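Encoded as structure tokens, the structure appears first; notes follow it.
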Amino acid sequence: MHRLSSRPAGLTLLTPAAALAAAAALLALAGPAHAEEALIQPRTLVVDAHLDRAQAEREILAARRYGSFWATGEEALARAALAPDFMDRTLPPGRAQGLAGPLAASAGFRQAVPDLRCEIAQMIVSGDRVVSHLRFTGHFSGQFHGRTGQGQAIDFIATDIYRVQDGRIAENWHLEDNLTLLQQMGLVAL
């Protein structure tokens, strides 16, 4: 539990119940077309208290849609989350820029880990930025770089920094714990 004095000024730490209430408000704000989306909830949500509520809600919704895309592989969620001119600012070698990059990465990773799950461990919203700390779990039972998994447990983290504009992610800076992932897959020695 965080003490009020230990938080930076202007930040609000929401309880899980408050985060769920905020998420419900977001879905209502998004309208009936998006009310049926089963978006994942952040376990911890920290919002800059000085941020306009409507702006914060749009940013949280975009980040939850993107997290839900990684959790499900549903292309429509990525299309709803990402701006038409989306830029990956930490583009891995060989990955296409724009929407095509995450779509291909998700499809390829789901080929290796068919039961892939993603959760948003924590989300921090301030200004036009959202920081999402993601946790991926599943089992390497598919194909990855010519190797077939043997059901090895996968459990690694990633951190994304999004710049949100007009309710959609315009830019993303991300860092994945690829060493842990490759060690768990048995592709890199411990």
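Every value quoted in this text rests on a predicted model; they were computed, and no experiment measured them.
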Whether the side chain of [X] engages the backbone of [Y] through a donor-acceptor N/O pair (distance < 3.5 Å, no angle test) should be reported.
{"X": "Gln150", "Y": "Thr148", "value": "yes"}
{"X": "Gln97", "Y": "Asp88", "value": "yes"}
{"X": "Ser68", "Y": "Ile40", "value": "yes"}
{"X": "Arg168", "Y": "Ala81", "value": "no"}
{"X": "Gln55", "Y": "Gly127", "value": "yes"}

To the closest 0.5 Å, what do you measure between [atom1] ([X]) and [atom2] ([Y])?
{"X": "Leu77", "Y": "Leu82", "atom1": "CG", "atom2": "CG", "answer": "10.5 Å"}
{"X": "Ile120", "Y": "Thr44", "atom1": "CD1", "atom2": "OG1", "answer": "11.0 Å"}
{"X": "Ile169", "Y": "Met87", "atom1": "CD1", "atom2": "CE", "answer": "14.5 Å"}
{"X": "Phe156", "Y": "Arg135", "atom1": "CZ", "atom2": "CZ", "answer": "11.0 Å"}
{"X": "Arg163", "Y": "Asn172", "atom1": "CZ", "atom2": "CG", "answer": "11.5 Å"}
{"X": "Met123", "Y": "Gln41", "atom1": "CE", "atom2": "CD", "answer": "9.0 Å"}

With Val125, which of Val46, Asp48, Ile60 fulfils side-chain contact (heavy atoms from CB on, under 4.5 Å)?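 The option that passes is Ile60.
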
| task | Kindly state each residue pair satisfying salt bridge (charged side-chain N to carboxylate O under 4.0 Å, His left out) with at least one member in residues 96-106, sequence neighbours excluded. | result |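 Applying salt bridge (charged side-chain N to carboxylate O under 4.0 Å, His left out) to every pair that reaches into residues 96-106, excluding sequence neighbours, yields nothing.
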
Work out which heavy atom in [X] is nearest to a heavy atom in [Y]; give both atom names and the distance.
{"X": "Asp160", "Y": "His174", "result": "OD1-CB, 3.0 Å"}
{"X": "Pro42", "Y": "Arg64", "result": "CD-CD, 4.0 Å"}
{"X": "His139", "Y": "Ala153", "result": "CD2-CA, 3.9 Å"}
{"X": "Ala170", "Y": "Gln165", "result": "CB-CB, 4.2 Å"}

Let me have the donor-acceptor pairs involving side chains of residues 102-114, under 3.5 Å, with sequence neighbours excluded, atom names and distances please.
residue, atom, partner, partner atom, Å
Arg110, NH2, Trp70, O, 2.8
Arg110, NH2, Ala71, O, 2.8

For residues 178-190, which side-chain donor-acceptor pairs fall under 3.5 Å, sequence neighbours excluded?
residue, atom, partner, partner atom, Å
Thr180, OG1, Asp177, OD1, 3.1
Thr180, OG1, Asp177, OD2, 2.6
Gln184, OE1, Asp155, N, 2.8
Gln184, NE2, Asp155, O, 2.8

